[in-house]
Asks: 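Handing you this structure, nothing more for now.
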Amino acid sequence: MSPVDSEFALDLPPPASRPKAGFARALLDWYDTSRRRLPWRAEPGEKPDPYRVWLSEIMLQQTTVATVMERFTRFVARFPTVTALAAAPLESVLAEWAGLGYYARARNLHACAREVAAKGGRFPDTAEALARLPGIGDYTAGAIAAIAFGRRAAAVDGNVERVMSRLHRFAEALPAARPKLRQLVEGLVPEDRPGDFAQGLMDLGSGICQPKTPNCRRCPVARFCDGAAAGDAALYPVKAAKAERPTRHGTAYVAVRARDGAVLLRRRPATGLLGGMMEVPGSLWAEGAAPAASPPCPATWTALNAPVEHTFTHFHLVLTVQVARVADFAAAGEWHHPAHIGDAGVPTVFMKVLRAAGVV
DNA sequence: AACACGTGGAC
DNA sequence: TGTCCAAGTGT
């Protein structure tokens, strides 16, 4: 079923699909003049560095180019090679990743580096072998194989799904349509310059074929595009309805050591939400009333007037913040001085708590 | 297949 | 202001 059936209620025949031969050539020609220069990209004629390609692809998963630009260079400076990354403690990698979100990416990144280092420090050069490594799924495997190793592999991300949906006026909703869209891409990947094709498709999706405002007049492949021909490219891709986000409640305890202003933090369990990251101690988070919790030590605890709110992918969180100045005590955790909390690996939700408490 | 898993920016 | 969105993966 087309999402725009109502517009065809006059029994107009569906617009004919436009031939796609020449799509790759046109995209590559456009890429040659319009490619973005990005820190992890090789310049024309340069040999791509598989480590940088891999790292950038992991960092870019569900994350904007603007955000990664700020972080990529710093990360590479701290961990210059896959061997160096493998040799580093997981905690230091998580600390460098703090604020980027989806922390399983950092745990898998580290595990992947250790596998690669254990096998000689070279990445496998096929999509099939890459996809067996932790944190590398179908998209990333294709992207690395094509970009770093020149393999004829499809790299199908959200950009590419959007471009393909519009190119074919593909009516089936995402994510169910994903396998079929991938097949359509695989039919277009050229033998020559598959890596530039992959990056060109992403640049096109990012700069021209944008989610809300496709700019078909400027598009180098508009002549192949069914959506552009019909003038309804913006209606694609069709997406399935999302589940609504529940609200959870909890309490966080900011214990400030009177002697020096240090704050008590502790490390979260290694897996699950914010796995392995540092946290402000507190209750569990649940829907309805905040679960009962006991403060990390007896003290005069004062609740902040306003709760801290934070929205995760699948729930909204309302956190009551309790603050107290406390004497030194033996606690299950670590004292961190405010000046160094930025290096400790504290995710954003807890940075918000510390800011609200006036600690940082 | 459906859900868990972060964050910041755009509109 | 709330919603959507960004180079997805793992279970």
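Chain letters run A, B, ... following the sequence lines, proteins first, then strands; residues in each count from 1. Scope of the values below: all heavy atoms of this structure, side chains included, with no hydrogens, waters or symmetry mates. Since we're looking at a predicted model, the values are computed, not measured.
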Asks: Which donor-acceptor pairs under 3.5 Å do side chains of residues 288-302 of chain A form with protein atoms, sequence neighbours excluded?
Replies:
residue: W301(A); atom: NE1; partner: C297(A); partner atom: O; Å: 3.0

Asks: Just the rounded figure in Å: distance from P of dT9(C) to OH of Y139(A).
Replies: 8 Å

Asks: Can T63(A) and R105(A) be counted as having a side-chain donor-acceptor contact under 3.5 angstrom?
Replies: yes

Asks: Using a 4.0 Å heavy-atom cut-off across all strands, classify L317(A) as base, sugar-phosphate, or nothing.
Replies: nothing

Asks: Whole angstroms only, please: what is the CZ-C1' distance between R71(A) and dG6(B)?
Replies: 12 Å

Asks: So what does I58(A) hit on the nucleic acid, given a heavy-atom distance under 4.0 Å: a base, only sugar-phosphate, or nothing?
Replies: nothing

Asks: Tell me which residues in residues 179-191 of chain A put a heavy atom below 4.0 Å from DNA chain B, sorted by number, or none.
Replies: none

Asks: Name the residue closer to the 5' end of DNA chain B, choosing between L274(A) and A176(A) according to the nucleotide with the nearest heavy atom.
Replies: A176(A)

Asks: Taking side chain as C-beta onward, heavy atoms only, is H249(A) less than 4.5 Å from L317(A)?
Replies: no

Asks: For A104(A) and for A243(A), find the nucleotide of DNA chain B with the closest heavy atom, then tell me which residue's nucleotide is more 5'.
Replies: A243(A)

Asks: Quantified in whole Å, what is the P atom distance between nucleotide dA6(C) and nucleotide dC5(B)?
Replies: 22 Å

Asks: What residues, two or more places apart in sequence or in another chain, satisfy side chain to side chain donor-acceptor pair (under 3.5 Å) together with T320(A)?
Replies: none

Asks: State the CG-CE distance between D343(A) and M278(A), to the nearest 0.5 angstrom.
Replies: 12.5 Å

Asks: Should the pair F79(A) and F75(A) be assigned to parallel (<30°), tilted (30 to 60°) or perpendicular (>60°) ring geometry?
Replies: tilted

Asks: Roughly how many Å is it from CZ in R105(A) to P in dG10(C), rounded to a whole number?
Replies: 12 Å

Asks: Rounding to an integer number of angstrom, what distance separates dA1(B) and dG10(C) when you compare their C1' atoms?
Replies: 14 Å

Asks: Rounded off to whole Å, could you give me the CZ-to-P distance for the F315(A) and dA2(B) pair?
Replies: 22 Å

Asks: Rounding to the closest angstrom, what is the interatomic distance between dT11(C) and dG6(B) at atom P?
Replies: 14 Å

Asks: Residues from residues 109-116 of chain A sitting under 4.0 Å of DNA chain C, heavy atoms only?
Replies: none

Asks: With sequence neighbours excluded, what pairs up with R132(A) under the salt bridge (Lys or Arg N to Asp or Glu O under 4.0 Å) test?
Replies: none

Asks: Please tell me if H310(A) has a side-chain N or O lying less than 4.0 Å from either OP1 or OP2 of dG6(B).
Replies: no

Asks: What residue pairs, at least two apart or across chains, pass side-chain hydrogen bond (donor to acceptor under 3.5 Å, both in side chains) with a residue in residues 344-360 of chain A?
Replies: H310(A)-K352(A)

Asks: Is G275(A) touching bases, backbone alone, or none of the nucleic acid, heavy atoms closer than 4.0 Å?
Replies: nothing

Asks: Of all residues at least two apart in sequence or in a different chain, which pass the salt bridge (Lys or Arg N to Asp or Glu O under 4.0 Å) check with R25(A)?
Replies: D29(A)

Asks: Measure the shortest side-chain to side-chain distance between H316(A) and V318(A) over non-hydrogen atoms and say whether it is less than 4.5 angstrom.
Replies: yes

Asks: Should D157(A) and R162(A) count as an ion pair when the cut-off is N to O under 4.0 Å?
Replies: no

Asks: Starting at CG of L174(A) and ending at P of dA2(B), how long is that distance when rounded to a whole Å?
Replies: 13 Å

Asks: Tell me whether R193(A) is salt-bridged to D32(A), with the criterion being a basic N under 4.0 Å from an acidic carboxylate O.
Replies: yes

Asks: Between dC5(B) and H314(A), is there an OP1 or OP2 to side-chain N/O distance shorter than 4.0 Å?
Replies: yes

Asks: Looking only at N and O atoms, is any donor in the side chain of T67(A) or the base of dG8(B) less than 3.5 Å from an acceptor on the other one?
Replies: no

Asks: Looking at residues at least two apart in the chain, or sitting in another chain, which of them share a salt bridge (Lys or Arg N to Asp or Glu O under 4.0 Å) with E57(A)?
Replies: none

Asks: Under 3.5 Å, which N/O atoms of the protein pair with N/O atoms of nucleotides 4-6 of chain C?
Replies:
residue: dC5(C); atom: OP2; partner: K242(A); partner atom: NZ; Å: 3.3
residue: dA6(C); atom: OP1; partner: R162(A); partner atom: NH1; Å: 2.9

Asks: What is the distance, rounded to the nearest whole Å, between atom CZ of R132(A) and atom P of dT9(C)?
Replies: 16 Å

Asks: Using whole Å, report how far CG of N108(A) lies from C1' of dA4(B).
Replies: 13 Å

Asks: Which residues in residues 341-360 of chain A have a heavy atom closer than 4.0 Å to any atom of DNA chain B?
Replies: P347(A), T348(A), V349(A)

Asks: If each of W40(A) and L133(A) is mapped to the nucleotide of DNA chain C with the nearest heavy atom, which maps nearer the 5' terminus, i.e. the 5' end?
Replies: W40(A)

Asks: If a pair satisfies salt bridge (charged side-chain N to carboxylate O under 4.0 Å, His left out) and one of its residues is in residues 248-267 of chain A, list it, with sequence neighbours excluded.
Replies: R257(A)-D260(A), R257(A)-D328(A), R259(A)-D328(A), R266(A)-E279(A)

Asks: What nucleic acid atoms does W97(A) come within less than 4.0 Å of, heavy atoms only: base, sugar-phosphate, or nothing?
Replies: nothing

Asks: Can you sort out the partners of R325(A) under salt bridge (Lys or Arg N to Asp or Glu O under 4.0 Å), two or more places apart, ordered by chain and number?
Replies: none

Asks: Hey, does S56(A) reach any base, or is it just sugar-phosphate, or nothing, if we go heavy atoms under 4.0 Å?
Replies: nothing

Asks: Whole Å only: how far is the CG atom of L100(A) from the P atom of dG8(C)?
Replies: 14 Å

Asks: Can we say D226(A) and K20(A) salt-bridge, meaning some charged N sits less than 4.0 Å from an Asp/Glu carboxylate O?
Replies: yes

